[in-house]
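Quick notes on the structure that follows.
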Number of protein chains: 2
Amino acid sequence: MKRRSVTSYDVARLAGVSQSAVSRCFSPKGSISAKTREKVLAAARQLGYRPNTIARSLITRSSRTVAVVVSQLDNPFYALTLARASRTFQSEGYHLLLFLVSADGDTTDVMSEILQSQAEGILMLAASLTTPFAQECVDRSIPVVMINRTVDFTGVSQVSSDNYHGGYWAGSYLVSQGHRRMAFINGLVSSSTGAYRRRGFLDALLSQGFSCWAEEYGEYHFDKAREATRRLFTKQPYPDAVFAANDHMAIAAVETLRAEFGLRIPEDVSVIGFDDTPLAAWPSYQLTTVRQPVEDMVAAAAELLLGQMREGKLSPVQRILPVVPILRGSVRQRG
Amino acid sequence: MKRRSVTSYDVARLAGVSQSAVSRCFSPKGSISAKTREKVLAAARQLGYRPNTIARSLITRSSRTVAVVVSQLDNPFYALTLARASRTFQSEGYHLLLFLVSADGDTTDVMSEILQSQAEGILMLAASLTTPFAQECVDRSIPVVMINRTVDFTGVSQVSSDNYHGGYWAGSYLVSQGHRRMAFINGLVSSSTGAYRRRGFLDALLSQGFSCWAEEYGEYHFDKAREATRRLFTKQPYPDAVFAANDHMAIAAVETLRAEFGLRIPEDVSVIGFDDTPLAAWPSYQLTTVRQPVEDMVAAAAELLLGQMREGKLSPVQRILPVVPILRGSVRQRG
DNA sequence: CTGTTAGCGCCTTCAA
DNA sequence: TTGAAGGCGCTAACAG
């Protein structure tokens, strides 16, 4: 139990005004004469008064808080996304309540916490949501925006990049450059993004009369992706191209192929990633990849969330942003 | 304005009990008969009732929230640190309020927000604090723990690794391996960690009769560090060793030296970093570095913060954890 | 413009 | 064990 803190009453007493005068003084649209305002501010300063956000939230019924659920903070892509989102909401005057979950973990208890926390909006970054919770959010008219994860439920908004066509591009590009044994390193079974990237990739191969040479799961995790790579390359003939469901894993593959198999990229094996994280552009990797428009995605998500929070009504939208192929040096060129 | 939500009164009415019965039912130490508890829970379930954390905080005067101020989320080291901290506090039943600041930015408005938010503790990750705010936190008996940043004020706790000796080791190790033109890539002028690492490094060189060959600022930023590297290596004779104030910048240096100067690591130039981020161990870098014990640091910080929050009294402590040199392949061996 | 008066949703004595 | 009653610190009508 904390010792009693300075309240607006204390300030009022010292300033010789009513408590509500103090309140007005600290709310943007309170009408107050310059004279009392000054008295109040002086008293407040003297006592070190600061309005109590919690009390304010209780009465205004608005916490100006959004909950962010994120997994995979070890992946630079999501660290960056979180950073941008944080900046955006901060600048709009919202506080961020951060919840970390494991990539495939269930979010049940976390969601429960969030619902009790009176957050006015929920942003899910690469985190899954169960239908009952999605339903509950809708019931309470708390807008939810998911980035890069889907839920089988129409009540929540979803922002993602065009995973299917990203995968499709990767597949057709590899074929067009003369590759024949294309392997895929998938992320998590539970991830919708991975599923779409895979589907697009397979469809592209199929449309050219090929099928996927081999497939492994790297769980969006660096070391797991290295293991996946090893599994892929232990049996001959090994793949002549690898498409990974994200850059993080693609780079894991590059590192492993070079260091453990003595293979050169792209002379011996071509590699394509997904995301376009900063590392992809580093000289060591020059990773050809599919760029997700992070900034646009965050901006879209923020816009949706902010809009719905302000209007107090839900208008779930599914937004799919175009990806852009980034050609660098990790794919062998035909001829 | 949100529509009225389900309150404990609604539940009480439906269950045919008093509101306080409902309250007791949802607080851990409320004494209630099994029968009423059941009635209440049933009613609560039916109405979708969840206790309002804000109201609870107001009356208990405890928000069970800690504010985390972090900069440099693009640096994997801090992304990781945040992830660990988040897990720790979550598992202790605390909520995290996240505030991002720019690496050298002032934290004035952010601190102001935090103070109003009624957070019970503040964790600063690579973020600076001005003395007046430190003082205010002390006045309000809000414990503050800073990780890897110092404030010239004894009221707050500080956890850091032994930056001085880390730098010292780097310096003496380079000398002992026969290097002669040791350069330093510093972080930010405002960063205490950088200052200590530098001091240790210089002292080590000095004690062997050397001085720093050249010094540049990389601002803990990848691209800035690349520029710093370029500046370091444009005038002949260039350094035969580079010590960077963190791995992030060390790797930027490696990338730049290889790609733009055609130099080999460690044959032509040796490089030492600081942190031991995951990347440092990747085959491409094999970066010799000074490991900061992240887990221990977070554990120590969490322990300090939790302890002080529980006891409600401040007992600021300065904890310096030992670093450990990690010898990999980025330093040329003597002989 | 200012003060008075009700609460926001909950916890917590205090009696019963 | 239960209910009644009084706030936590603040905002928002409402009169004056």
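What you see is a predicted model; the values in this text were computed from it and never measured. Throughout, a chain's letter reflects where its sequence line sits, starting with A, and its residues are numbered from 1.
Across C:dC10, D:dG9, C:dC11, the shortest atom-to-atom separation from the side chain of B:Thr60 is found for C:dC11. When distances run from any side-chain atom of A:Ser18 to the nucleotides C:dG9, C:dG3, D:dG3, the shortest one goes to C:dG3.
Rounded to an integer number of Å, the gap from CZ of B:Arg37 to P of D:dT1 is 11 Å. As a whole-Å value, the separation of B:Tyr9 OH from C:dC11 C1' is 11 Å. Residue A:Ile59 contributes atom CD1, which lies 8 Å from atom C1' of C:dA6 at whole-angstrom precision. At whole-Å resolution of the value, CD1 in A:Ile54 and C1' in C:dC11 are 14 Å apart. The CD-C1' distance, from A:Glu38 to C:dC1, rounds to 16 Å in whole Å. At whole-Å resolution of the value, CZ in B:Phe26 and C1' in C:dT12 are 18 Å apart. Distance B:Arg64 CZ to C:dC10 P: 18 Å, rounded to the nearest Å. The distance between atom CZ of B:Arg140 and atom P of D:dG9, rounded to the nearest whole Å, is 13 Å.
Mapped onto DNA chain D by nearest heavy atom, B:Lys35 and B:Leu58 fall at different nucleotides, with B:Lys35 at the one closer to the 5' end.
For B:Gln19 against C:dC11, a side-chain-to-base donor-acceptor contact under 3.5 Å is present. Contact annotation: side chain of A:Ser20 to base of C:dT5, donor-acceptor pair absent below 3.5 Å. Checked by distance alone, B:Arg50 brings no side-chain donor or acceptor within 3.5 Å of a matching partner on the base of C:dG9.
No side-chain heavy atom of B:Met297 sits under 4.5 Å from any side-chain heavy atom of B:Thr81.
Between B:Ser23 and C:dC11, a side-chain N or O to OP1/OP2 separation shorter than 4.0 Å is present. Between A:Arg24 and the phosphate of D:dA12, there is no side-chain N or O to OP1/OP2 separation shorter than 4.0 Å.
Between B:Phe99 and A:His95, the gap from one ring centroid to the other is short of 6.0 Å.
As judged by a 4.0 angstrom heavy-atom cut-off over every strand, A:Val17 is placed among residues touching the sugar-phosphate backbone only. Among the atoms of the strands shown, base atoms are found under 4.0 Å from some heavy atom of A:Ser31. Here B:Ser33 lies in heavy-atom contact (under 4.0 Å) with sugar-phosphate atoms only. Using a 4.0 Å heavy-atom criterion, one finds that A:Thr36 contacts the sugar-phosphate atoms exclusively.
Salt bridge B:Arg50/A:Glu136: present, at least one basic N to carboxylate O contact under 4.0 Å. With respect to the salt-bridge test (charged N to carboxylate O, under 4.0 angstrom), the residues B:Glu303 and B:Arg319 qualify.
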- Message: Quick one, A:Arg64 with A:Glu120, criterion salt bridge (charged side-chain N to carboxylate O under 4.0 Å, His left out). Give me CA distance, side-chain angles, the key distance, then yes/no.
- Response: CA-CA 6 Å; A:Arg64 291 198 73 79; A:Glu120 291 176 14; 5.6 Å; no
